[in-house]
Amino acid sequence: MNAYRPRCAARSITWIVTCRFLFLVLALVPFAAVAQDIRKLDPEVDQLVASDAKLERIATGFNKWTEGPVWTHKGTLLFAEIPANNIDLWVPDKGASVFMHPSGYTGRETFKGPEPGSNGMTLDRDGRVSVAGHARRNVWRMESDDPKAQITILADSYQGKKLNSPNDLVYKSDGSLYFTDPPYGLPTQEDNDPQKELQVNGVYRVPGARQQKPGAEPARDLLQLVIKDLPRPNGICFSPDEKYLYIADSGRKVWLRYLVHSDGSVSDGTLFLDASSDSAPGVPDGIRVDKKGNLYGAGPGGVWIISPKGKHIGTIKVPERVSNVTWGDKDGRTLYITASTSVYRIRLKAAGVRN
């Protein structure tokens, strides 16, 4: 792992200036306001997005696909740069740097797929970062905010078989952790990948994940498969009251909603919203919810805003394909957006649900 290595957007160009000097200069450049608009489909969206809201690009020049943003208790943003096998750190007024490498695949042989890195991230109530390992094929937790901190494995197999490639994750208030497990982090990203051991692309629950002691082995016999019939489960979040679990299925381009029971199981999965007819770039991916129950999810053309009743009320248009979102800043009213080679943000009226 390499800590806090400054990234250089022009590393392939042999200028006489050094990468460090260029990084310092770029850090002083004002944030770029991006030409965009809010696609308003219902007057409700005016209660969530101000008429003068501006989308800002706060960092760019990354390797193809940024993902998994999480706002830390230190007031910084961590996000995955999957093809580079990095977790990157963005610090206000300083810019972005490599926080951890490798973050996903750690094998000796060269990874043969397009996505060797880690993926989604979230915080537990103690402020510790939990990570969907993607090409590492497990779910793990950093015990402190040091990139060389102790790592605790929370899940790595189900019934003796390796997980596919954990993609995104969310904590419930009781300390249990739910995560999605499609095959995107395998070399071919297909269901017939030779390394795929499980027949399902599941959604799992880790009971008592927050309470697991640092460095302890995962409670493999307790891992629960709660959803097993989706082609590509991806983004995941709870409603504010935790009565519902939402899943973004990238394979069918839909969002689904499940009832959550007192024992942590889920049932009665229903179609929440269908985006399959929209031909704009992007699919349902990472999702978050505000305190009023509205969903904000990566989708065709940008970030879809979806009412608690499953109505598409607006889209925050983004000039790159969006992967994920998270709430940030002290008041939780800034939505941070990872999209292809850049990271964006936009101030909203709504306040988000976060740990």
Side-chain angles (χ1 to χ4, degrees), residues 1-2 12 62-69 78-88 98-121 130-141 151 153-169 179-204 206 218 220 223 225 227-236 247-253 281-286 298 320-324 338-341:
M1 300 176 186
N2 298 325
S12 64
F62 300 101
N63 189 346
K64 295 181 182 178
W65 193 237
T66 58
E67 248 281 14
L78 290 173
F79 58 96
E81 187 181 3
I82 298 180
N85 203 358
N86 294 339
I87 290 176
D88 293 336
V98 175
F99 176 77
M100 179 184 291
H101 176 88
S103 65
Y105 179 74
T106 57
R108 292 184 179 181
E109 298 181 1
T110 301
F111 188 74
K112 297 179 181 180
E115 297 192 358
S118 59
N119 204 318
M121 291 182 277
S130 294
V131 181
H134 205 54
R136 194 177 291 199
R137 303 185 70 177
N138 60 14
V139 177
W140 51 277
R141 182 180 70 208
I151 285 177
I153 306 301
L154 302 176
D156 59 8
S157 62
Y158 178 68
Q159 296 184 344
K161 297 181 179 181
K162 285 185 180 181
L163 297 173
N164 299 328
S165 59
N167 186 283
D168 211 347
L169 65 178
F179 67 91
T180 57
D181 189 40
Y184 293 129
L186 297 177
T188 68
Q189 302 185 324
E190 299 294 338
D191 288 330
N192 61 358
D193 190 287
Q195 296 184 20
K196 194 175 191 293
E197 298 182 14
L198 291 163
Q199 295 298 312
V200 300
N201 297 319
V203 179
Y204 296 87
V206 185
R220 297 181 177 91
L223 184 64
L225 176 62
I227 302 173
K228 59 183 180 180
D229 59 352
L230 301 180
R232 290 295 185 272
N234 199 323
I236 183 170
I247 301 291
D249 185 337
S250 298
R252 292 187 292 172
K253 293 183 68 173
V283 296
D285 203 328
E320 298 181 78
R321 180 170 172 153
V322 174
S323 62
N324 214 327
T338 49
S340 301
T341 65

If we only count heavy atoms from C-beta on, is the [X] to [Y] side-chain gap below 4.5 Å?
X    : Y    : value
H101 : N85  : yes
N119 : P166 : no
E115 : Q189 : yes
D285 : E67  : yes
W140 : S130 : no
K196 : N201 : yes

Q: Using atom types as modelled and distance alone, determine if a side-chain donor or acceptor of D181 lies under 3.5 Å from a backbone N or O of G202.
A: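 Looks like no, no N/O pair under 3.5 Å.
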Measure the spacing between [atom1] of [X] and [atom2] of [Y] and express it to the nearest 0.5 Å.
X    : Y    : atom1 : atom2 : answer
H134 : L186 : NE2   : CG    : 8.5 Å
D193 : Y184 : CG    : OH    : 13.5 Å
E320 : F62  : CD    : CZ    : 10.5 Å
F79  : M121 : CZ    : CE    : 8.5 Å
K112 : T188 : NZ    : OG1   : 12.0 Å

Of the non-hydrogen atoms in [X] and [Y], which two are nearest, and what is the gap between them?
X    : Y    : answer
P182 : R232 : CB-CD, 4.2 Å
S165 : P183 : OG-C, 3.4 Å
P116 : P83  : CG-O, 3.5 Å
E81  : N63  : OE2-N, 2.8 Å
L225 : I227 : CD1-O, 3.3 Å
G185 : F111 : O-CZ, 3.3 Å

Q. Side chains of T338 and T66: donor-acceptor distance under 3.5 Å anywhere?
A.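 No pair is found: no donor N or O on one side chain lies under 3.5 Å from an acceptor on the other.
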Q.
Walk me through whether V139 and V206 qualify under side chain to side chain contact (heavy atoms under 4.5 Å, CB included).
A. CA-CA 10 Å; V139 177; V206 185; 6.0 Å; no
Q. V131 and S103: side chain to side chain contact (heavy atoms under 4.5 Å, CB included), yes or no, with the steps?
A. CA-CA 9 Å; V131 181; S103 65; over 6 Å; no
(Q) Going by side-chain hydrogen bond (donor to acceptor under 3.5 Å, both in side chains), S250 matches just one of N234, N167, T180. Which one? (A)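 The side-chain hydrogen bond (donor to acceptor under 3.5 Å, both in side chains) with S250 is passed solely by N234 among N234, N167, T180.
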Q: Begin with the C-alpha distance, continue with both residues' side-chain angles, and end with the deciding distance and a verdict on side chain to side chain contact (heavy atoms under 4.5 Å, CB included) for L198 and L163.
A: CA-CA 7 Å; L198 291 163; L163 297 173; 4.3 Å; yes
Q. In terms of ring plane angle, is the pair F179 and Y204 parallel, tilted or perpendicular, where the classes change at 30° and 60°?
A.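 F179 vs Y204 ring planes: parallel.
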Q | Steps toward side chain to side chain contact (heavy atoms under 4.5 Å, CB included) verdict (Q195, R137) | A | CA-CA 11 Å; Q195 296 184 20; R137 303 185 70 177; 3.8 Å; yes
